[in-house]
Amino acid sequence: MPVETASPADAASPVGAASPLDDASPADRATRPVPGLPPALEQAMRRYLQHLTVERGLSDNTLTSYRRDLERYLGHLAAESAAAGPADVVTADVRAFVRHLARPAGEGGVGLSTRSVARAVVSVRGMHRFWAREGLAEVDAAEPVAPPRPGERLPKALPVDTVARILDAPDRETPAGLRDAALLEFLYSSGSRISEAVGVDRDDLSSQAVTAGASGDEGFVRLRGKGGKERIVPVGSYAGKAIGAYLVRGRPQFAVKGRGNPALFLNARGGRLTRQGAWLILNRAAERAHVTDEVSPHTLRHSFATHLLEGGADIRVVQELLGHASLTTTQIYTKVTADTLREVFLTSHPRALG
């Protein structure tokens, strides 16, 4: 059963170091030449990236991740294969690349985890499928190569009291502390991905959202998820109160240093807060709260879903709130709550063990 992991939009790419094109726009990255690749392969890759940009409408971060995967793949072909163009690539070349990714670094490979190898294979299979469909290759050389199956990894959810300690950690007497508190409350209240949270603009919040703490009426926020899909999710009273305080006493202090950025969460220079900046805010709050468990931005999202289901929420409602395209992805959280119930049963029922 699949588990939602930090997407390429929410985590470092599995293919290693950043490319020299990282500072370019996504469209530029898809069209500018990549040094060192055979011209025909490089041109074919650019056509696929343009397809992902224009026709699939993938997010900037996802496009960057695809590009890195594919650059590594074509670089491997250039070094280890005689292929000069898409039609020259054979299935053995694709299998050799997969072995290279999985082989330990000390043995001449890359040493990626099974999950990271699987993500790279998905990128490569997509490009080969496109090449075959567009007539750049007679056959899909990657079709027989299935991604390795990673072992089931359950999402890590924190107990409710631990989440509360993290949310209470920022110093709400300073502009930065007000922003940090608003961001953390927002992440846990909305269940948003970190990329969705930092992508929220001030106008994406309903007027009720910033007065929820005072009025008792929950507001709403518009989130932009994977593939540009939008969804509307509620904002709870705790988050509404924190956001309202930040908008009044925190955000103006950052906004005067920038140029009218519409982002809800601003950095010290008045620009949009980055995913990396949000990650640091969460880590700092976890340290101040003396939380020893590993914490990432996705931890609050996992906790959001798990706590809703433990509280009796319908799984299809949780699916909509998380923005999952498939109910199967959401169902992994039912396994988490079932494990929790089993643990409580075994430790509490007088005849559970014996």
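Along the sequence shown, the residues carry numbers beginning at 1.
Annotation: side chain of Thr299 is not in contact with side chain of Asp293 (no heavy-atom distance under 4.5 Å). Here the side chains of Leu308 and Leu321 are in contact, with some heavy-atom distance below 4.5 Å. When side chains are defined from C-beta on, Arg72 counts as touching Leu101, because their heavy atoms get closer than 4.5 Å. Looking only at side-chain heavy atoms (C-beta outward), Ser303 and Thr162 stay at 4.5 Å or farther from each other. Side-chain contact between Phe97 and Leu74: absent, with no pair of heavy atoms (C-beta onward) separated by less than 4.5 Å. Side-chain contact between Arg275 and Ser195 is present, with at least one heavy-atom pair separated by less than 4.5 Å. Counting heavy atoms from C-beta outward, Ser123 and Tyr73 have side chains that stay 4.5 Å or more apart. The side-chain heavy atoms of Ile281 and Arg179, taken from C-beta on, include a pair separated by under 4.5 Å.
When every heavy atom of Pro252 is checked against every heavy atom of Val248, the shortest pair comes out as CG-O, 3.6 Å. Residues Gly85 and Ala40 share a closest heavy-atom pair of CA-CB, 3.9 Å. Of all heavy-atom pairs spanning Arg251 and Asn261, the tightest one is NH2-O, 2.9 Å. Of all non-hydrogen atoms in Leu178 and Gly250, the two that sit nearest each other are CD1-N, 3.9 Å. Of all heavy-atom pairs spanning Arg231 and Ser192, the tightest one is NH2-CA, 4.2 Å. Nearest heavy atoms, Thr306 versus Ala157: OG1-CB, 3.5 Å.
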Compile the donor-acceptor pairs under 3.5 Å between side chains in residues 139-148 and protein atoms, sequence neighbours left out, one pair per line.
| unit_1 | atom_1 | unit_2 | atom_2 | d |
| --- | --- | --- | --- | --- |
| Asp140 | OD1 | Ala142 | N | 3.1 |
| Asp140 | OD1 | Glu143 | N | 3.2 |

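We find the CG-CG distance between Asn267 and Leu273 to be 6.5 Å, quoted to the nearest 0.5 Å. Put simply, CD on Glu287 and CG on Leu280 are 9.5 Å apart, with the number rounded to the nearest 0.5 Å. Atoms CD and CZ, from Glu42 and Arg46 in turn, are 4.5 Å apart once rounded to the nearest 0.5 Å. The CG atom of Leu184 lies 12.0 Å from the OG atom of Ser189; values are rounded to the nearest 0.5 Å. Note that CD1 of Ile166 is 6.0 Å distant from CG of Leu300, once rounded to the nearest 0.5 Å. Rounding to the nearest 0.5 Å gives a distance of 10.0 Å between CE of Met127 and CG of Asp69.
For Arg165 (side chain) and Ala289 (main-chain N/O), a donor-acceptor pair under 3.5 Å exists by modelled atom type. For Thr174 (side chain) and Asp171 (main-chain N/O), a donor-acceptor pair under 3.5 Å exists by modelled atom type. Side chain of Asp204 to backbone of Val200: no donor-acceptor contact under 3.5 angstrom is found. No side-chain donor-acceptor contact under 3.5 Å links Tyr246 to the backbone of Arg172. The closest donor-acceptor contact from the side chain of Arg224 to the backbone of Lys229 lies at 3.5 Å or more, if one exists at all. Judged purely by atom type and a 3.5 angstrom limit, Glu196 uses its side chain to pair as donor or acceptor with the backbone of Arg193. Using a distance-only test at 3.5 Å, with no hydrogens or angles considered, a donor-acceptor pair links the side chain of Ser206 to the main chain of Phe220. Judged by distance alone, the side chain of Trp279 and the main-chain N or O of Ser296 form no donor-acceptor pair under 3.5 Å. Remark: side-chain polar atoms of Asp93 are paired, donor with acceptor, to backbone N or O of Val90 under 3.5 angstrom. When atom types are taken as modelled, the side chain of Thr62 and the backbone of Leu58 share no donor-acceptor pair closer than 3.5 angstrom.
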Show, in sequence, the C-alpha distance, side-chain angles and deciding distance for Leu41 and Met45, and conclude whether the side chain to side chain contact (heavy atoms under 4.5 Å, CB included) test is met. CA-CA 6 Å; Leu41 285 174; Met45 180 187 70; over 6 Å; no

Which is it for Asp203 and Arg222 under the salt bridge (charged side-chain N to carboxylate O under 4.0 Å, His left out) test, yes or no, and what are the steps along the way? CA-CA 9 Å; Asp203 291 342; Arg222 179 172 61 237; over 6 Å; no

Please report the C-alpha distance between Leu266 and Arg272 in whole Å, then the side-chain angles of each, then the deciding distance to 0.1 Å, and finally whether the side chain to side chain contact (heavy atoms under 4.5 Å, CB included) criterion is met. CA-CA 5 Å; Leu266 300 178; Arg272 186 180 297 273; 5.5 Å; no

Test side chain to side chain contact (heavy atoms under 4.5 Å, CB included) on Glu185 and Ile243; report intermediate values, then the result. CA-CA 8 Å; Glu185 292 279 8; Ile243 292 171; over 6 Å; no

Check step by step if side chain to side chain contact (heavy atoms under 4.5 Å, CB included) holds for Leu183 and Leu264. CA-CA 9 Å; Leu183 172 65; Leu264 174 60; over 6 Å; no

Quick one: do Glu71 and Arg67 satisfy salt bridge (charged side-chain N to carboxylate O under 4.0 Å, His left out)? Show the steps, please. CA-CA 6 Å; Glu71 284 180 2; Arg67 178 178 52 81; 3.3 Å; yes

Asp180 vs Arg288, salt bridge (charged side-chain N to carboxylate O under 4.0 Å, His left out): CA-CA, chis, key distance, verdict: CA-CA 13 Å; Asp180 297 355; Arg288 292 189 62 176; over 6 Å; no

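A distance of 6.0 Å or more separates the ring centres of Phe304 and His298.
The neighbour count for Gln43 CD, taken as heavy atoms of other residues, nucleotides or ligands under 6.0 Å away, does not exceed 12. Counted within 6.0 Å of CZ on Arg103, heavy atoms from surrounding residues, nucleotides or ligands total more than 12; the atom is thus considered enclosed. Surrounding CZ of Arg269 are at most 12 heavy atoms belonging to other residues, nucleotides or ligands under 6.0 Å away.
No continuous path of ILVMFWY side-chain contacts below 4.5 Å connects Leu70 to Val122, so the two sit in separate hydrophobic clusters. Follow the hydrophobic side-chain contacts under 4.5 Å out from Ile315 and you reach Val317 in the same cluster.
Pairs engaging residues 174-194 under the ring-ring contact (aromatic ring centres under 6.0 Å, His included) rule: Phe186-Phe265, Tyr188-His307 [sequence neighbours left out].
For the ring-ring contact (aromatic ring centres under 6.0 Å, His included) test, residues two or more places apart in sequence or in another chain that qualify with Phe130 are Tyr48, His51.
Of the N and O atoms on the side chains of Ser116 and Ser113, at least one donor lies less than 3.5 Å from an acceptor on the other residue.
For the side-chain contact (heavy atoms from CB on, under 4.5 Å) criterion with Val98, the lone passing option out of Val124, Val121, Leu112 is Val121.
Using a 4.0 Å cut-off between charged nitrogen and carboxylate oxygen, Arg316 and Glu320 do not count as a salt-bridge pair.
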